[in-house]
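Presented below is the structure to which this report refers.
Treat the numbers as computed from the prediction; the structure is a model and nothing was measured. Below, each value reflects all heavy atoms present in this structure, side chains not excepted, and no hydrogens, waters or symmetry copies.
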Amino acid sequence: MDTNQPSARTALVAFDAIVDGGFAESEAVVDGDAESLILYRQGDAVRAWMNICPHAGRRLDWAPGQFLKSKDGLLVCAAHGASFELAHGECVAGPCRGEALRAVVVEVRDGKVWLA
């Protein structure tokens, strides 16, 4: 048994629980540590990142699972206003410009979002 991949069988959330263009938060074990993840749905695809702002190491949500999205469609850190584009998680404005959120690979299957 491969003990390096125990979380690969972890369902994070039901796909339909994330509205198209919206966010969800889920807890999962990533690289052996319990982590908070940001899940973003765009159509039939879901992207995921660690819920940690590269600027100060704080969570991006303003309340558990509640994320800010700018009128321009950017994910905004509630603590210091860093703004991240949603294709790759790169900070395009704010105190950590040029840095990026740490991506987590997920897949959609059987109506759920899973760690890949």
Side-chain angles (χ1 to χ4, degrees):
M1 182 165 115
D2 183 0
T3 58
N4 292 326
Q5 293 294 327
S7 57
R9 293 179 295 276
T10 302
L12 300 173
V13 66
F15 177 74
D16 290 340
I18 310 171
V19 298
D20 192 10
F23 299 98
E25 187 267 347
S26 182
E27 301 287 327
V29 175
V30 178
D31 296 333
D33 295 317
E35 300 286 354
S36 170
L37 304 179
I38 302 166
L39 305 171
Y40 170 69
R41 177 179 169 186
Q42 184 175 24
D44 292 333
V46 175
R47 293 183 187 92
W49 301 276
M50 298 286 208
N51 188 9
I52 301 170
C53 182
H55 168 240
R58 295 182 59 180
R59 290 173 61 118
L60 282 92
D61 41 0
W62 58 271
Q66 302 297 310
F67 297 92
L68 300 172
K69 189 174 181 183
S70 74
K71 65 180 180 198
D72 297 326
L74 302 173
L75 171 62
V76 179
C77 176
H80 297 107
S83 298
F84 301 88
E85 55 82 27
L86 296 169
H88 304 288
E90 182 180 349
C91 182
V92 294
C96 55
R97 181 185 290 263
E99 295 185 58
L101 300 172
R102 182 176 163 206
V104 176
V105 180
V106 296
E107 64 182 353
V108 177
R109 65 180 155 81
D110 303 325
K112 297 180 182 175
V113 180
W114 299 79
L115 283 178

For this session: Measure from the side-chain N and O atoms of W114 to the backbone N and O of R109, and report whether any donor-acceptor pair falls under 3.5 Å.
Result: yes
Exercise. For E25, which residues count as a salt bridge (Lys or Arg N to Asp or Glu O under 4.0 Å) partner, sequence neighbours excluded?
Worked result: R59
Exercise. Stepwise, does the side chain to side chain contact (heavy atoms under 4.5 Å, CB included) test hold for V108 with R41?
Worked result: CA-CA 10 Å; V108 177; R41 177 179 169 186; over 6 Å; no
Exercise. Are there more than 12 heavy atoms of other residues, nucleotides or ligands under 6.0 Å from atom CG of D44?
Worked result: no
For this session: Mark yes or no for whether S26, through its side chain, and V13, through its backbone, hold a donor-acceptor pair below 3.5 Å.
Result: no
Problem set entry | Evaluation steps, side chain to side chain contact (heavy atoms under 4.5 Å, CB included), between L115 and V106 | CA-CA 4 Å; L115 283 178; V106 296; 4.3 Å; yes
Problem set entry | Steps toward side chain to side chain contact (heavy atoms under 4.5 Å, CB included) verdict (L12, V46) | CA-CA 11 Å; L12 300 173; V46 175; over 6 Å; no
Exercise. Is there a path from L86 to F67 through hydrophobic residues (I, L, V, M, F, W, Y) whose side chains come within less than 4.5 Å of each other?
Worked result: yes
Exercise. Do D61 and N51 touch side chain to side chain, with heavy atoms closer than 4.5 Å?
Worked result: yes
Exercise. Is L75 close to F23 at the side-chain level, that is, under 4.5 Å between some pair of heavy atoms?
Worked result: yes
Seminar exercise, completed: Tightest non-hydrogen contact, residues A28 and L37, listed as CB-CD1, 3.9 Å
Problem set entry | Heavy atoms of other groups near K69 NZ, more than 12 under 6.0 Å | yes
Problem set entry | Flag, side chain of E85 to backbone of E90, donor-acceptor distance under 3.5 Å | yes
For this session: Please report the closest heavy-atom contact between L39 and A48, naming both atoms and the distance.
Result: CD2-CB, 3.5 Å
For this session: Keeping to residues at least two apart or across chains, list the ring-ring contact (aromatic ring centres under 6.0 Å, His included) pairs with something in residues 77-110.
Result: H55-H80
Problem set entry | Heavy-atom pair with the smallest gap, counting every atom of S83 and L74 | CB-CD1, 3.8 Å
For this session: Determine, using the 4.5 Å side-chain heavy-atom cutoff (strictly less than), whether M50 and I18 are members of one ILVMFWY cluster.
Result: yes
Validation: residues 95-103 side-chain donor-acceptor distances under 3.5 Å, sequence neighbours left out:
unit_1	atom_1	unit_2	atom_2	d
R97	NH1	V92	O	2.8
R97	NH2	V92	O	3.1
R102	NH2	D31	OD2	2.3

For this session: Could you grab the distance from atom SG of C77 to atom CH2 of W62, nearest 0.5 Å is fine?
Result: 14.0 Å
Seminar exercise, completed: Closest non-hydrogen contact found for Y40 with W49 is CB-CZ3, 3.8 Å
